[in-house]
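Report on the following structure.
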Amino acid sequence: MTQRLNLSEGFKKENFKSLLKKRGQQKYGLRLLAMHYLQQGKTLQEVADLMETTIKTVRKWIQRYDLFGIEGLLSIQSGRGRKSMLLLHHKEDLKIAIKELEDKREGGRITGKDVCSMLQKRYSVRCSLSNTYVILKRLNLSWITVRSIHPKVDKEAQEAFKKRIS
């Protein structure tokens, strides 16, 4: 036995079919198509089967429309994703530590391996080199640098050369 849906008047008047034509190729096309099927009188179970989802999901979509309108239906929030290996306060500390290491280093150049070993020593976080670069990107730090001063530079010889040329 299927339950009769009590759809709001606004829901019944919404033109989901035209929205589907305009925005159906985007990631929320399934939601619009489901709402269109509901307007045509299909049951929750039929719509869930057509959308290859659960009745609970279809009910959530209806609820989002009722509460927030079409924008609420079409707003898709990103998932939580994997938890960060570094705590929030460690991220700022890491950013400062990387800049300090860069200042201390002769030539001012550090590598991803340097950051990777710092992560392991300071925060007990073991990660691959590629993940280290992801962390640096999230901290808005560029891992591509130029060597400002070569570690084996002879500054006196450079100054003498500059004086000789000019």
Side-chain angles (χ1 to χ4, degrees), residues 14-36 48 50-54 56-166:
E14 193 74 58
N15 194 346
F16 291 110
K17 190 172 184 177
S18 70
L19 283 169
L20 180 63
K21 287 180 181 178
K22 289 179 191 171
R23 299 174 140 182
Q25 297 301 314
Q26 297 169 359
K27 58 187 172 185
Y28 32 70
L30 286 178
R31 293 180 181 192
L32 291 169
L33 187 59
M35 299 303 108
H36 176 67
L50 286 168
M51 298 295 105
E52 295 184 6
T53 188
T54 64
K56 184 177 179 181
T57 300
V58 178
R59 283 186 194 274
K60 281 184 183 178
W61 293 344
I62 295 168
Q63 186 178 30
R64 288 181 67 87
Y65 178 81
D66 288 340
L67 292 174
F68 307 110
I70 197 69
E71 291 307 314
L73 173 67
L74 299 182
S75 68
I76 296 177
Q77 300 163 341
S78 60
R80 286 192 229 158
R82 184 177 176 181
K83 299 283 187 235
S84 176
M85 298 168 90
L86 289 172
L87 299 174
L88 186 60
H89 65 277
H90 287 164
K91 289 179 183 177
E92 283 304 312
D93 184 45
L94 176 64
K95 198 171 187 178
I96 293 167
I98 289 172
K99 289 183 180 181
E100 286 174 358
L101 179 64
E102 188 177 41
D103 292 340
K104 289 179 188 175
R105 178 71 51 96
E106 290 246 350
R109 180 177 173 186
I110 61 172
T111 63
K113 289 181 182 179
D114 296 329
V115 177
C116 196
S117 65
M118 180 193 297
L119 284 168
Q120 189 169 0
K121 288 176 188 171
R122 268 192 152 171
Y123 307 106
S124 301
V125 172
R126 293 186 64 177
C127 60
S128 65
L129 189 58
S130 61
N131 195 27
T132 301
Y133 292 131
V134 170
I135 291 170
L136 289 173
K137 184 177 181 180
R138 287 185 181 153
L139 293 174
N140 293 323
L141 294 174
S142 174
W143 60 273
I144 301 173
T145 60
V146 296
R147 183 179 287 168
S148 54
I149 303 170
H150 194 280
K152 297 179 182 177
V153 72
D154 183 0
K155 289 187 180 184
E156 293 172 3
Q158 282 183 345
E159 289 301 318
F161 180 75
K162 287 179 186 176
K163 288 179 184 176
R164 213 172 9 138
I165 291 180
S166 50

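Residue indices begin at 1 and follow the sequence shown. Quick caveat, the model's predicted, so the values are computed rather than measured.
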Exercise for the section: Return yes if a side-chain donor-acceptor contact under 3.5 Å exists between Asp114 and Thr111, otherwise no. Expected result: yes
Handout entry: Closest non-hydrogen atom pair between Thr132 and Gly112, with its separation
Key = CG2-O, 3.7 Å
Problem - Sequence-distant partners of Glu159, salt bridge (Lys or Arg N to Asp or Glu O under 4.0 Å), two or more places apart - result: Lys162
Practice task
For the pair Ile62 and Met35, evaluate side chain to side chain contact (heavy atoms under 4.5 Å, CB included) and give the outcome as yes or no after the intermediate values.
Solution key: CA-CA 8 Å; Ile62 295 168; Met35 299 303 108; 4.2 Å; yes
Practice task
For the pair Arg126 (side chain) and Gln120 (backbone), establish whether a donor and an acceptor sit closer than 3.5 Å, ignoring hydrogens and angles.
Solution key: no
Fill in the blank from the handout: Sorted by chain and residue number, the side chain to side chain donor-acceptor pair (under 3.5 Å) partners of Asp93 (sequence neighbours excluded) come out as Tyr123
Practice task
Take atom CD of Glu52 as the centre, draw a 6.0 Å sphere, and report whether it contains more than 12 heavy atoms from other residues, nucleotides or ligands.
Solution key: no
Practice task
Grab the two heavy atoms, one from Cys116 and one from Cys127, that are nearest each other, plus how far apart they are.
Solution key: SG-O, 3.0 Å
Problem - Least distance between heavy atoms, Leu94 atom then Met118 atom - result: CD1-SD, 3.8 Å
Practice task
Please examine the side chains of Asn131 and Leu119, heavy atoms only from C-beta on, and report whether any two atoms are closer than 4.5 Å.
Solution key: no
Practice task
Starting at CG of Leu74, measure out to OH of Tyr65 and round the result to the nearest 0.5 Å.
Solution key: 10.0 Å
Problem - Heavy-atom pair of closest approach, residues Lys99 and Leu141 - result: CE-CD2, 4.0 Å
Completion exercise
Output for pair (Arg138 CZ, Leu136 CG), nearest 0.5 Å, gives 11.5 Å
Problem - Heavy-atom neighbours of Lys95 NZ exceed 12 at 6.0 Å - result: yes
Exercise for the section: Check side-chain contact (heavy atoms from CB on, under 4.5 Å) between Leu50 and all other residues, then give those that pass, not counting sequence neighbours. Expected result: Tyr37, Lys42
Practice task
Say whether, by atom type as modelled, one donor and one acceptor occur between the side chain of Arg64 and the main chain of Ser75 under 3.5 angstrom.
Solution key: yes
Handout entry: Side chain Thr57, main chain Thr53, donor-acceptor under 3.5 Å
Key = no
Problem - Heavy-atom pair with the smallest gap, counting every atom of Leu73 and Arg31 - result: O-NH1, 2.7 Å
Completion exercise
Here the pair of heavy atoms bringing Leu30 nearest to Met51 is O-SD, 3.4 Å
Exercise for the section: Could you please spell out the steps behind the side chain to side chain contact (heavy atoms under 4.5 Å, CB included) verdict for Val115 and Ile135? Expected result: CA-CA 10 Å; Val115 177; Ile135 291 170; over 6 Å; no
